[in-house]
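Worksheet: one structure, shown below.
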Amino acid sequence: MPKWTMVQAINQALALELEQDRRVRIFGEDVGRNGGVFRVTDGLQERFGEDRVFDTPLAEAGIIGVAVGMALYGLRPVAEIQFAGFAHLAFHQVAAQAARLRYRSGGEHHVPLVIRAPFGGGVRTPELHSDSVEAFYAHAEGIKVVIPSGPYEAKGLLHAAIQDPDPVFFLEHMKLYRSLREEVPEERYTIPLMEARVVQPGNDLTAIAYGALLHTTLAAARQVEKEDGVSIEVIDLRTVHPLDEETVVASVNRTGRALVVHEDSRAASIAAEVIAVINERALYALLKPVRRVTCPDTPFPLPAVEDVIVPHQERIVRALRETLEP
Amino acid sequence: MAYPFPTEIHRVVDPEGNLVGDPPELSPEQHRKLYYWMVFGRMWSERMVALQRQGRMGTFAPHVGQEAQAGIASPLRQDDWLLGTYRECIAYFVKGLSPLAPMATHRGYFSRGYTRELGLVPLQIVIGNQMLHAVGVAMAMQYEGTDRVAVGVCGDGATSQGDFHEALNFAAVFQAPFIAVVQNNQYAISVPRQRQAAVEYLAYRGPAFGIPGYIVDGNDVLAVHKVVQECVERARAGEGPSLVELLTYRMGAHTTADDPTKYRSDEEVAHWQARDPIKRYRIFLLRQEILSNEEDEALHEQATADLQRCVEEFEAMPPPRPEEIFEHVFETPPPNLLRQRDEILGTP
Ligand SMILES: Cc1ncc(C[n+]2csc(CCOP(=O)(O)OP(=O)(O)O)c2C)c(N)n1
């Protein structure tokens with residue numbers, strides 16, 4: 001099996017979708033001729049033509065708004081927002097339109113739309129390029145929010161997202177684009193949405209993460225396992241909304257301890273929701289308060305100081321140990 | 001693409017009912033159908049307000065005075081799409097929507113009946129958003145190689161929204177088979193048209209994007225039909241989008257929750273009263289002997305009876321089932337939503 005980066009895996013998934021489903025069209029800023037600023041759509045326009053893969057005017061509300069129209073009509077648009085922070089400029093088209101049209105029409109219409117956007121810290125970008133936006137969209141009822149943690153996951157989840165009958169916000173952490181390679185089957189496969197994955201089983205604590213920080217969390221867990229002789233279950237949420245509560249609750253009920261890690265800021269975040277679910281459904285199993293390791297409630301800082309706040313292995317190790325204390 | 005600012009105000013029938021331009025080619029049947037929907041539409045709007053006053057209807061936006069909007073939809077085929085707002089009910093009726101559908105919508109039921117088969121999407125509430133959807137629909141039609149068109153309709157207030165501008169720009173860049181129609185009824189709730197834009201006519205927005213703009217007497221249904229028809233033909237032929245501004249006036253309140261005497265004068269209202277779209281079309285139809293006085297009476301009786309039946313059917317409509325609140329968020333409700341349903345409605 002070939003070893004691919006996440007950029008290659010997503011590119012491959014998009015190519016397969018374009019190949020097998022004529023309803024799929026890819027568009028956004030610089031996705032056509034240039035193949036995307038991260039080369040995620042590299043070669044697709046050449047191979048499938050300008051009808052299928054094309055550049056648009058530089059207008060995020062316009063991109064999502066016309067994508068909603070195409071989806072209403074029966075196409076399967078895959079719209080790219082060049083950086084997730086700029087989806088703020090299309091927020092109304094996502095939250096007030098894409099996410100609600102099925103509801104408003106009592107199920108008569110639906111919006112099978114995928115919005116892809118890179119995000120994430122650690123790559124030294126200008127302002128707003130790095131911001132995590134998942135919590136905004138988790139609150140826009142009617143849209144799924146998916147964040148893959150690597151190449152294999154990205155491909156399977158993206159296939160599922162494109163064939164999903166409802167809108168999906170697909171957020172790609174920039175740091176994962178090229179930093180790791182995985183074996184990825186060349187053929188099409190899907191990973192179901194709204195199902196978390198137990199990345200490694202364990203008995204003493206449940207560590208819940210997603211995206212790039214899944215790997216940091218895994219590394220931290222392994223360090224603590226090795227040094228402290230404990231066993232830690234690590235869960236990749238994959239779909240951060242709607243949550244796969246069952247997987248989380250079942251695990252915490254068994255381990256009695258939990259830690260939630262993400263790069264997004266803290267208040268009203270995915271971690272807040274996960275902990276609320278644990279409180280509602282696994283509180284009596286808890287031996288210690290559930291902690292969060294997240295960015296603080298500040299704007300995502302400019303590159304010179306970003307390393308201070310993005311959770312790193314040491315911080316996660318510390319939180320794991322505190323939670324593991326008897 | 002370079003288009004000049006439009007100068008002509010398109011008009012076929014003047015306020016006194018005189019023929020002042022070339023009428024569009026319509027059969028007597030088509031004329032009567034247009035006229036019927038205008039007459040029915042006014043009765044329907046007045047009934048909706050009455051129902052609201054009786055507490056049997058939610059907030060409603062009357063469209064009395066704007067009945068010539070029928071001409072927005074009359075040039076369309078069933079496989080064309082029309083995306084408008086709460087103010088475009090008559091155009092939706094002409095396109096095939098059952099008047100029961102917006103009655104349900106305004107009572108707070110789910111908006112059903114605005115189907116893909118009819119080329120309709122539920123009445124837009126978020127000002128201006130639908131214009132982009134209409135362009136997306138048009139781009140999909142173009143992609144599929146059909147000769148269908150998509151029409152987006154909005155008010156004068158909506159033209160200040162970014163979505164309106166982005167819609168015109170996308171449509172122009174992709175030469176989408178799209179027609180933007182602005183029902184300029186002079187107000188966005190209480191805010192007058194002059195506060196929305198410094199240009200003299202909103203149709204001037206068209207040429208700025210590389211789109212022809214048309215100014216139309218929006219109380220003259222034949223002018224509306226004729227201009228929209230021309231735009232539709234151009235779009236079908238692959239000649240790109242257009243912008244049509246209809247100069248009209250909302251005779252009533254913005255909605256049942258509004259008091260227009262706070263922001264406009266009786267003189268202004270009287271000025272527009274004299275330009276009534278139904279009265280003028282009726283004189284034209286009688287003069288052209290497309291309609292006799294007896295036929296007009298019969299048509300009014302028909303509309304009254306149709307409306308009565310409509311109201312009866314509406315009263316018999318069951319409210320949405322509470323379970324439905326959870327059924328239309330996603331195609332398959334996720335487990336956490338089902339748990340929330342059971343928590344509120346009790347375990348089934
Ligand atoms: C985005 C948005 N902002 C504000 C409102 C509240 N609102 C409802 S109707 C309206 C005025 C709309 O005016 P116009 O576009 O001219 O259409 P009209 O109602 O006159 O037909 C406003 C401000 C809204 N529905 N959506």
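Fair warning: this is a prediction, and the values are worked out from it, not measured in the lab. Labels below follow one simple rule: chain letters A, B, ... track the order of the sequence lines, proteins then strands, and each chain is numbered from 1. For the numbers below, each heavy atom of this structure counts, side chains included, while hydrogens, waters and symmetry mates do not.
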Inset, instruction - Residue by residue, scan residues 99-113 of chain A and write down, ordered by number, those that have a heavy-atom distance under 4.5 Å to chain B; if none do, write 'none'. - result: A:L101, A:R102, A:Y103, A:R104, A:S105, A:G106, A:G107, A:E108, A:H109

Inset, instruction - With chain B as the partner chain, list the residues of residues 137-145 of chain A whose heavy atoms fall under 4.5 Å from it, by residue number, and write 'none' if nothing qualifies. - result: A:E141, A:G142, A:I143, A:K144

Legend entry - Heavy-atom pairs under 4.5 Å with chain B, option from A:H92, A:M70, A:Q97 with the top count: A:Q97

Region of [X] in contact with chain A, defined by heavy-atom distances below 4.5 Å:
X	answer
B:M141	both
B:I325	both
B:F174	side chain
B:Q142	neither
B:L168	neither

Option in [options] with maximal non-hydrogen atom pairs under 4.5 Å from chain A:
options	value
B:R116, B:H133, B:H165	B:H133
B:A167, B:P122, B:G119	B:P122
B:I125, B:V135, B:V126, B:V137	B:V137
B:L83, B:D163, B:V173	B:D163

Inset, instruction - Would you please name every residue forming a side chain to side chain contact (heavy atoms under 4.5 Å, CB included) with A:R22, sequence neighbours left out? - result: A:R52, B:Y143

Is the shortest side-chain heavy-atom distance between [X] and [Y] below 4.5 Å?
X	Y	result
B:V121	A:L72	yes
B:M139	A:Y73	no
B:F330	A:P242	yes

Counting heavy atoms not belonging to [X], are there more than 12 under 6.0 Å from its [atom1]?
X	atom1	answer
A:E19	CD	yes
A:E50	CD	no
A:R33	CZ	no

Legend entry - side-chain contact (heavy atoms from CB on, under 4.5 Å) between A:I63 and B:F170, intermediate numbers included: CA-CA 9 Å; A:I63 293 168; B:F170 270 69; 4.0 Å; yes

Inset, instruction - Write down the atom of A:G62, the atom of B:L132, and the distance for their closest heavy-atom approach. - result: CA-CD2, 3.6 Å

Inset, instruction - Can you see which heavy atom on A:L75 is nearest to which on B:A140, and at what distance? - result: CD1-CB, 3.5 Å

Inset, instruction - Sort A:P57 into side chain, backbone, both or neither according to what part of it lies under 4.5 angstrom from a heavy atom of chain B. - result: both

Legend entry - Contact origin within A:A59 toward chain B - heavy atom pairs under 4.5 Å: both

Legend entry - Qualifying side-chain hydrogen bond (donor to acceptor under 3.5 Å, both in side chains) pairs, either residue in residues 324-333 of chain B, two or more places apart: B:R112-B:E324, B:R112-B:H328, B:R321-B:E327, B:E324-B:H328

Legend entry - Under-4.0 Å salt bridge between A:E246 and B:R339: yes

